[in-house]
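To start, the structure itself, in structure tokens.
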Amino acid sequence: MSGDHHADATIARRVRRLETLLEEKGVITGEKVDEAIDAFLAASSPANGAKVVARAWTDGAYKARLLADGTAGVQELGYMDGSYQRLRVVENTATTHNVIVCTLCSCYPLRLLGPSPSWYKSEAYRSRVVREPRQVLREFGLELPDTTDITVWDSSAESRYMVLPRRPEGTEGLREDELAALVTRNALIGTAAV
């Protein structure tokens, strides 16, 4: 487990205090803050992560850059600009399956995966996926061979993770947009194959 999750509460209080001061000084209104948040959320979607995956599936050089430095890789496609968080992209292979969690809260790459699903924030998921990942994945309908190693990655306030799922067989002739349409949010978290 990594990162100081309690720092998020301190940061949230500081941000709220700064908002209050800016509103009191007439620099910005609460409505403008809400508009900025709405714009951010409107641009946050699992479709963004799916586009990253599709590019990696079709461009080996991009895939290598993405796996070496996830933040820089997604910034190439216009995502996570201005983000202070580090993104690490972990690749599923024939012998390794990755799944992400935030055991102490619900840290999550929002811009790439959209708002987190309720189960991701649940105590049951956060505690069980670390202890019994194979069983949890089975409950999601993902049955992995016993020979497949499962690695659980714990997000933090500073670092986020995204899974690069394996490209499905028989998709060699598909365009990038068609490949992106195959990728689900759960695959980007690691609770589904694609």
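Applying the side-chain hydrogen bond (donor to acceptor under 3.5 Å, both in side chains) test to Glu123 and every residue at least two apart in sequence or in another chain returns Arg126. Taking Arg88 as the reference, nothing meets the side-chain hydrogen bond (donor to acceptor under 3.5 Å, both in side chains) condition, with sequence neighbours excluded. Every residue two or more places apart in sequence or in another chain was checked for a side-chain hydrogen bond (donor to acceptor under 3.5 Å, both in side chains) with Lys51, and none qualifies.
To the nearest 0.5 angstrom, Glu23 atom CD is 8.0 Å from Glu31 atom CD. Atoms CE and CD, from Met80 and Gln75 in turn, are 7.0 Å apart once rounded to the nearest 0.5 Å. Atom CZ of residue Arg65 and atom CG of residue Asp59 lie 6.0 Å apart, to the nearest 0.5 angstrom. To the nearest 0.5 Å, the span separating OG1 on Thr96 from CG on Asp149 amounts to 5.0 Å.
The two atoms that bring Ala54 and Ala180 nearest to each other are CB-N, 3.6 Å, heavy atoms only. Between Val129 and Pro133, the closest heavy-atom pair is O-CB, 3.2 Å. The two residues Ala94 and Thr148 make their nearest non-hydrogen contact at O-OG1, 4.1 Å. When every heavy atom of Ser155 is checked against every heavy atom of Cys107, the shortest pair comes out as CB-O, 3.6 Å. Nearest heavy atom pair, residue Pro115 against residue Ser44, reads CD-O, 4.1 Å. In this structure, Leu66 and Ala56 approach most closely via the heavy-atom pair CD2-CB, 4.0 Å.
No side-chain heavy atom of Val90 sits under 4.5 Å from any side-chain heavy atom of Leu164. For the pair Leu182/Leu174, a side-chain contact is recorded, criterion being any heavy-atom separation below 4.5 Å from C-beta on. Taking the side chain as every heavy atom from C-beta outward, Leu112 and Leu87 approach each other to under 4.5 Å. With a 4.5 Å cut-off on side-chain heavy atoms, Ile189 and Val163 do not count as touching. Proximity of Leu137 to Arg134: side-chain heavy atoms (C-beta onward) are nowhere separated by under 4.5 Å. At a threshold of 4.5 Å between non-hydrogen side-chain atoms, the residues Met162 and Val53 count as touching. At least one side-chain heavy atom of Leu142 sits less than 4.5 Å from a side-chain heavy atom of His97. Here the side chains of Pro165 and Trp57 are in contact, with some heavy-atom distance below 4.5 Å.
Between the side chain of Thr171 and the main chain of Pro168, a donor-acceptor pair closer than 3.5 Å is present. Side chain of Thr58 to main chain of Arg55: a donor-acceptor pair is present (N/O by atom type, distance under 3.5 Å, no hydrogens or angles). Between the side chain of Glu178 and the main chain of Arg175, a donor-acceptor pair closer than 3.5 Å is present. Looking at Gln85, its side chain never comes within 3.5 Å of a backbone N or O of Arg160 through a donor-acceptor pair.
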inquiry  = Using the rule given for side-chain contact (heavy atoms from CB on, under 4.5 Å), can you reason through Arg16 versus Arg13, listing the C-alpha separation, both sets of side-chain angles and the distance that settles it, and then say yes or no?
reply    = CA-CA 5 Å; Arg16 183 62 203 133; Arg13 284 191 301 274; 5.8 Å; no
ask   = Checking salt bridge (Lys or Arg N to Asp or Glu O under 4.0 Å) for the pair Arg86/Glu158: CA distance, chi angles, key distance, verdict?
value = CA-CA 6 Å; Arg86 180 178 150 247; Glu158 296 82 27; over 6 Å; no
Derivation and outcome, salt bridge (Lys or Arg N to Asp or Glu O under 4.0 Å), residues Arg128 and Glu139 = CA-CA 11 Å; Arg128 288 187 58 230; Glu139 290 169 15; 2.8 Å; yes
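Side-chain polar atoms of Asp154 and Thr103 form a donor-acceptor pair below 3.5 angstrom.
The salt bridge (Lys or Arg N to Asp or Glu O under 4.0 Å) test with Glu91 is passed by exactly one of Lys63, Arg166, Arg167: Lys63.
Sequence neighbours left out, the pairs with a member in residues 115-157 that pass ring pair (Phe, Tyr, Trp, His ring centres under 6.0 Å) are Tyr108-Tyr120, Trp119-Tyr125, Trp119-Phe140, Tyr120-Tyr125, Trp153-Tyr161. Each side-chain hydrogen bond (donor to acceptor under 3.5 Å, both in side chains) pair with one or both residues in residues 184-194, not counting sequence neighbours, would appear here, but there are none. Within the structure, the ring pair (Phe, Tyr, Trp, His ring centres under 6.0 Å) test picks out no pair touching residues 172-194 (sequence neighbours left out).
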